[in-house]
Protein chains: 2
Amino acid sequence: MDLDDRNKKVLQAVIDSYIASGSPIGSTVLVKRFDFGVSSATLRNIMADLEEMGYLTHPHTSAGRIPTDLGYRYYIDSLISVENDSEDIEEHLQQAPQLHGDDLQELMEEASRFLATLSHCAGVIVAPSESEAAYRHIEFVRLRGRQVLIIFVTSNGIVQNKLIDIDESIRQQDLNGFSAYLDEELEHRSLAEVRQQLIDKMKEEKLVFMQLMDETYRASQDVQERENEKVYIGGASQMLESPEFANVEKMRALFKAFEDKYKLLKLLDRSVSAQGIKVFIGSENPYFEMQGCSMVVGNYNAGSNVVGTLGVIGPTRMQYKQVIHVVDYTAKLLTKLLGERFQRGLDR
Amino acid sequence: MDLDDRNKKVLQAVIDSYIASGSPIGSTVLVKRFDFGVSSATLRNIMADLEEMGYLTHPHTSAGRIPTDLGYRYYIDSLISVENDSEDIEEHLQQAPQLHGDDLQELMEEASRFLATLSHCAGVIVAPSESEAAYRHIEFVRLRGRQVLIIFVTSNGIVQNKLIDIDESIRQQDLNGFSAYLDEELEHRSLAEVRQQLIDKMKEEKLVFMQLMDETYRASQDVQERENEKVYIGGASQMLESPEFANVEKMRALFKAFEDKYKLLKLLDRSVSAQGIKVFIGSENPYFEMQGCSMVVGNYNAGSNVVGTLGVIGPTRMQYKQVIHVVDYTAKLLTKLLGERFQRGLDR
DNA sequence: GATTAGCACTCGCCAAGATAGAGTGCTAAT
DNA sequence: ATTAGCACTCTATCTTGGCGAGTGCTAATC
């Protein structure tokens, strides 16, 4: 905020160097690598100032400086420009593998690995939230004995299925009739409306289909809930490449955290409201109390509504410029692919 | 094979102790903990014999003995009896969390975590192979524009869906007619027969439905292939608890291997033919060239046909007796749950 | 008043040595 | 065949001292 130009330059130099090398940066190294036109003694004074302001710190008395979380924050907010010098990054992205999963799940998995490979961090994707989906079709298929499979289709092509037991007296023909009836009543309605409608109907309906109604109600809930809960983590082993996770204890904690996907979900959901790329540094994030980890998070769309979150989790010392680019690119790519899939069937 | 009774007892004592403690076992420790009625010097001679026969080895001159892979093999084949003293294990299993995923995928994920938690190893499950599944129903649902969703249902309740583009002139009504036609022609046939039938039909059929036929053909392939490829890994972080993976390099290799699920699939598929629990020790397994890892693998059924493999991967130094129990138990549990789900709808 | 040179001081890292402990292998006695 | 005893080996751990990087302070300089 209140940094003069020279201080800014020094801070940036320190952080850039530290990100590149991973070891604390001393005044002499800095004066050699960059040309500030001042001596190492002056740099020491400047660095001492920056430390007092909270942007840098010391691992121990006679070591160089490393950025604090606050330092990284300032770096992200004020020092890096994502726009310029992105040619080489773009070029890098050109060589990236293409995504081509024709199944939604597969696409998500591929994309999470894609993120991981390009960012050298773990890639995380929260499946698109289907709150805007509309009812399209329901199908009841009788299997063996009492078993019936409910297949629930939404307008954007999500298929949810569920196995239930029902009275054997209900025949496939009856089921078909009921399915046609529901299609007529519910078509084009949002899932919320569908549920309300079903509740209303259940009050007046004949008893035979009561159970089917009830199960349909549950299935419509599942579509929303279960899909929403899906978190895809790809390439977690990428993070093991970083020397900061040479510590086994840290690594273990990290993987434990990854297995608790629910927490990750909460974490990523928090940022779903905002547009654009967000960066969470180290302790800034209350849900993921992992020291030394940062997240770069963005949103992707399918159509006009915001529907999903994606991002990467990596060491605080990461190549932010590049990673931000990768997340941005992937978000756009996914938006495009999902758009093609769900929305623009018309103009193809 | 050609070990006398005392040698066997010593070998078992060494391996048991090593599994429990994790550090090499010396003659004095052994003589203190067990009562062989001989002195440490005699034990030294015996252990030297066992080493010569290849069952034990030395990390270095003045260290105790640890088992070789061959030693473990002998231990598994001849020394442990899974039957007896299983009360405490059974009891342990009683407290295990229940599985209740009503979605096949969810069930697999739960079960893999279940395995991991109880065995302190990584749990791995290969989804049931659907080669025995029969055709049950197909549904075409028109979404926006040219898009049509194909929903393919097999007799055991697997639902596969696929999005395709078709000519806009084909109406939902036509699709329904075609679906009814296919249902009639293909009902109760195996997937292989379905594919053959479709090929035959395509030669004689009118052109309009050609594409749908073709896509249906692909979908039937997908059901088999894609489901077969699914490998679920749960609780991989359990393995990090073992001190043998304190080495970061090993850990990294392990997680890399886990990410390459295809290899795991091959590995597990090898043992799909045999009934009962199998143990692969260390280097015995050509596909998973991970030193110091063992696998305990079993099969589970859905109905009368063998359909899936499950198991755990952990350090060679694992609690085999307990782990074998857990894998066995989980296999039976899964068989029961899947049986309930797919087969025995009648008698419920 | 900002900048710089100089210097004492601090701290972590690393290699070298010292020590203790665990365990073996061999030999000679039982 | 078994055992006691002993020399030997190897590891793990602790200590020590030197090295190098880097800081912080002070006094001189621009």
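Labels below follow one simple rule: chain letters A, B, ... track the order of the sequence lines, proteins then strands, and each chain is numbered from 1. As the structure is a prediction and not an experimental result, all values here were calculated from the model.
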Here the distance between atom P of D:dG24 and atom CD1 of A:I46, to the nearest Å, is 13 Å

B:D49 atom CG is separated from D:dA1 atom C1', nearest whole Å, by 12 Å

Does A:R73 form a salt bridge (charged side-chain N to carboxylate O under 4.0 Å, His left out) with A:E284? I'd like the steps, not just the answer. CA-CA 10 Å; A:R73 169 57 47 211; A:E284 286 178 8; 2.8 Å; yes

Check: Can you tell if the side chain of A:I80 reaches within under 4.5 Å of the side chain of A:I324, non-hydrogen atoms only?
Finding: yes

Paired to D:dG5 by Watson-Crick or G-U wobble criteria (both distances under 3.5 Å) is C:dC26

Whichever of A:R44 and B:R44 has the more 5' nearest nucleotide on DNA chain D, that residue is B:R44

_Under the criterion side chain to side chain contact (heavy atoms under 4.5 Å, CB included), I'd like the reasoning laid out for B:M318 against B:S294: C-alpha separation, chi angles, the key distance, then a yes or no._
CA-CA 8 Å; B:M318 67 165 79; B:S294 284; 3.8 Å; yes

Given the rule in the side-chain hydrogen bond (donor to acceptor under 3.5 Å, both in side chains) test, do A:N7 and A:Y55 qualify, once you have shown the distances and angles that lead to the verdict? CA-CA 11 Å; A:N7 280 0; A:Y55 296 119; over 6 Å; no

Between A:T28 and A:N45, the residue closer to the 5' end of DNA chain D by nearest nucleotide is A:T28

Residues of residues 34-43 of chain A with a heavy atom under 4.0 Å from any atom of DNA chain D, listed by number, are none

**OP:** Could you tell me whether the side chain of A:I19 reaches within less than 4.5 Å of the side chain of A:Y320, counting heavy atoms only?
**Re:** yes

Are any non-hydrogen side-chain atoms of B:M251 and B:F255 less than 4.5 angstrom apart?
yes

note: A:H58, atom NE2; C:dC9, atom P; distance rounded to Å ~ 18 Å

Whole-Å distance, B:L50 CG to C:dT24 P, equals 12 Å

In numerical order, the residues of residues 60-67 of chain A whose heavy atoms come under 4.0 Å of DNA chain C are A:H60, A:T61, A:S62

Within the 4.5 Å heavy-atom criterion, are B:S17 and B:F34 side-chain neighbours or not?
yes

*May I have the step-by-step check of side-chain hydrogen bond (donor to acceptor under 3.5 Å, both in side chains) for B:Y18 and B:S23, ending in yes or no?*
CA-CA 6 Å; B:Y18 180 67; B:S23 40; over 6 Å; no

Run the salt-bridge test on A:R44 and A:E51 with the 4.0 Å N-O cut-off and return the result as yes or no. no

Among the nucleotides D:dT2, C:dT24, D:dT23, whichever has the atom closest to the side chain of B:M47 is C:dT24

